[in-house]
Amino acid sequence: YYLPADFPVLVLTGGHWKISDIPSSRLHFHNCLEIGLCHSHSGTMKFYSEPMSFKEGDVTCIPRNIPHTTYSDQGTESRWSYIMFDPAQLFRGLFLTPDAGPDLSLFSYRNYRHILPREEYPNIHYLTLSIIREMEDKRPKYQICVKGLLLALSIELNRIQEEASQEPGAEASHKAYLPENALIISPALDYIEDNYS
């Protein structure tokens, strides 16, 4: 996705953002962080791991260059909104040092939480929906508002991943969840993205 340098945020929403019930034979990945909000129905999200179930109200968090695919339950089409953004670019200059900002890299955490249910993480759902509405309405100063909401969302996601990585057995579950080939390809894609020229 092309994200403008001055405001690297893109929201994909509306009635046509539906996921079919046909599983793709291929995984895909993005050049930015993907935050998804499931508005209806349920289905499956798959990485290199066992399939994970999602349902209406869930928020998904997929770091850049992580291969994945999504499909709905048989006979349904789940409706989604997506926030695509680059935290490093968006929050550049906001912190005293580059390392002080929110880190949403998959490889910084063990036992990573890709799917965040609304009933367990109501604040994540609220922030995500607020960002989508601000981007849709485009009221005066909406970019400043979105940046603030994304910062709050990023910090909340950071906290969730930090807590998950400290849970007992996180080391073992991380290894079972992300096979070796997933750990090989994503850093390579990150390097190409960062050093393309």
Practice problem: Keeping the roles fixed (side chain from Thr76, backbone from Ser72), state whether a donor-acceptor pair exists under 3.5 Å. | Solution: no

Exercise. Measure the shortest side-chain to side-chain distance between Arg64 and Asn31 over non-hydrogen atoms and say whether it is less than 4.5 angstrom.
Key: no

Quiz item: If you look at every heavy atom in Ile19 and Thr70, which pair is closest and at what distance?
Solution: CG2-O, 3.4 Å

Quiz prompt | Separation between CD1 of Ile35 and CG of Leu153, rounded to the nearest 0.5 Å | solution = 5.5 Å

Quiz prompt | Joint cluster assignment, Ile144 & Val9, ILVMFWY side-chain distance < 4.5 Å | solution = no

Quiz item: Do Ile192 and Phe29 sit in the same hydrophobic cluster, where Ile, Leu, Val, Met, Phe, Trp and Tyr count as joined when their side-chain heavy atoms come under 4.5 Å apart?
Solution: no

Quiz item: More than 12 non-hydrogen atoms from neighbouring residues, nucleotides or ligands closer than 6.0 Å to NZ on Lys141, yes or no?
Solution: no

Exercise. Looking only at non-hydrogen atoms, find the nearest pair between Phe91 and Lys147 and report the distance.
Key: CE2-O, 3.8 Å

Quiz prompt | Leu27/Phe47 under side chain to side chain contact (heavy atoms under 4.5 Å, CB included): CA gap, chis, key distance, verdict | solution = CA-CA 7 Å; Leu27 303 180; Phe47 299 86; 5.9 Å; no

Quiz item: For atom OH of Tyr191, is the number of surrounding heavy atoms from other residues, nucleotides or ligands below 6.0 Å larger than 12?
Solution: no

Self-check item: Donor-acceptor pair, side chain of Ser78 and main chain of His41, under 3.5 angstrom
Solution: no

Practice problem: Could you tell me the separation between the CE atom of Met135 and the CG atom of Leu149, rounded to the nearest 0.5 Å? | Solution: 11.5 Å

Quiz item: Given Lys46 and Thr69, is the side chain to side chain contact (heavy atoms under 4.5 Å, CB included) satisfied, shown in steps?
Solution: CA-CA 5 Å; Lys46 191 165 174 37; Thr69 190; 3.9 Å; yes

Quiz item: Is the backbone of Ser154 close enough, under 3.5 Å, to the side chain of Asn158 for a donor and an acceptor to pair up by distance?
Solution: no

Exercise. To the nearest 0.5 angstrom, please state how far the SG atom of Cys32 sits from the CG atom of Leu10.
Key: 7.5 Å

Quiz item: Minimum heavy-atom separation for Phe54 to Met45, with atom names?
Solution: CD2-N, 4.0 Å

Quiz item: Should Met52 and Tyr71 be regarded as members of a common hydrophobic cluster, given that ILVMFWY residues are connected when their side-chain heavy atoms come within less than 4.5 Å of each other, either directly or indirectly?
Solution: no

Practice problem: Using modelled atom types only, decide if a donor and an acceptor are shared between the side chain of Asp86 and the backbone of Ala88 within a distance under 3.5 Å. | Solution: yes

Quiz item: How many angstroms lie between OG1 in Thr60 and CZ in Arg113, if you round to the nearest 0.5 Å?
Solution: 15.0 Å

Practice problem: Going by the side chain to side chain contact (heavy atoms under 4.5 Å, CB included) test, name the single residue among Leu127, Val59, Thr128, Ile160 that passes it with Tyr121. | Solution: Ile160

Practice problem: Return the minimal non-hydrogen interatomic distance between Leu150 and Leu90, and the atom names on each side. | Solution: CD1-CD2, 3.6 Å

Practice problem: Please report the closest heavy-atom contact between Pro117 and Asp58, naming both atoms and the distance. | Solution: CA-OD1, 3.1 Å

Quiz prompt | Interatomic distance, Arg79 atom CZ to Glu56 atom CD [nearest 0.5 angstrom] | solution = 9.0 Å

Quiz prompt | salt_bridge(Glu156, Arg159) N-O dist < 4.0 Å | solution = yes

Quiz prompt | Inter- and intrachain pairs under side chain to side chain donor-acceptor pair (under 3.5 Å), touching residues 13-29, at least two apart | solution = Thr13-Ser81, His28-His30, His28-His68

Practice problem: Show your reasoning for whether side chain to side chain contact (heavy atoms under 4.5 Å, CB included) applies to Leu12 and Met84. | Solution: CA-CA 8 Å; Leu12 309 172; Met84 317 296 282; 4.2 Å; yes

Quiz item: Rounded to the nearest 0.5 Å, what separation is found between the CG atom of Leu157 and the CG atom of Leu33?
Solution: 7.5 Å

Quiz item: Which heavy atom of Pro51 sits nearest a heavy atom of Thr44, and at what distance?
Solution: CB-CG2, 3.4 Å

Quiz item: Is the number of heavy atoms from other residues, nucleotides or ligands within 6.0 Å of OH (Tyr142) greater than 12?
Solution: yes

Practice problem: Test Cys61 against Tyr112 for side chain to side chain contact (heavy atoms under 4.5 Å, CB included), laying out the working first. | Solution: CA-CA 10 Å; Cys61 178; Tyr112 191 90; 3.2 Å; yes

Quiz item: Is any NZ, NE, NH1 or NH2 atom of the basic residue among Lys55 and Glu119 found under 4.0 Å from an Asp or Glu carboxylate oxygen of the other?
Solution: yes

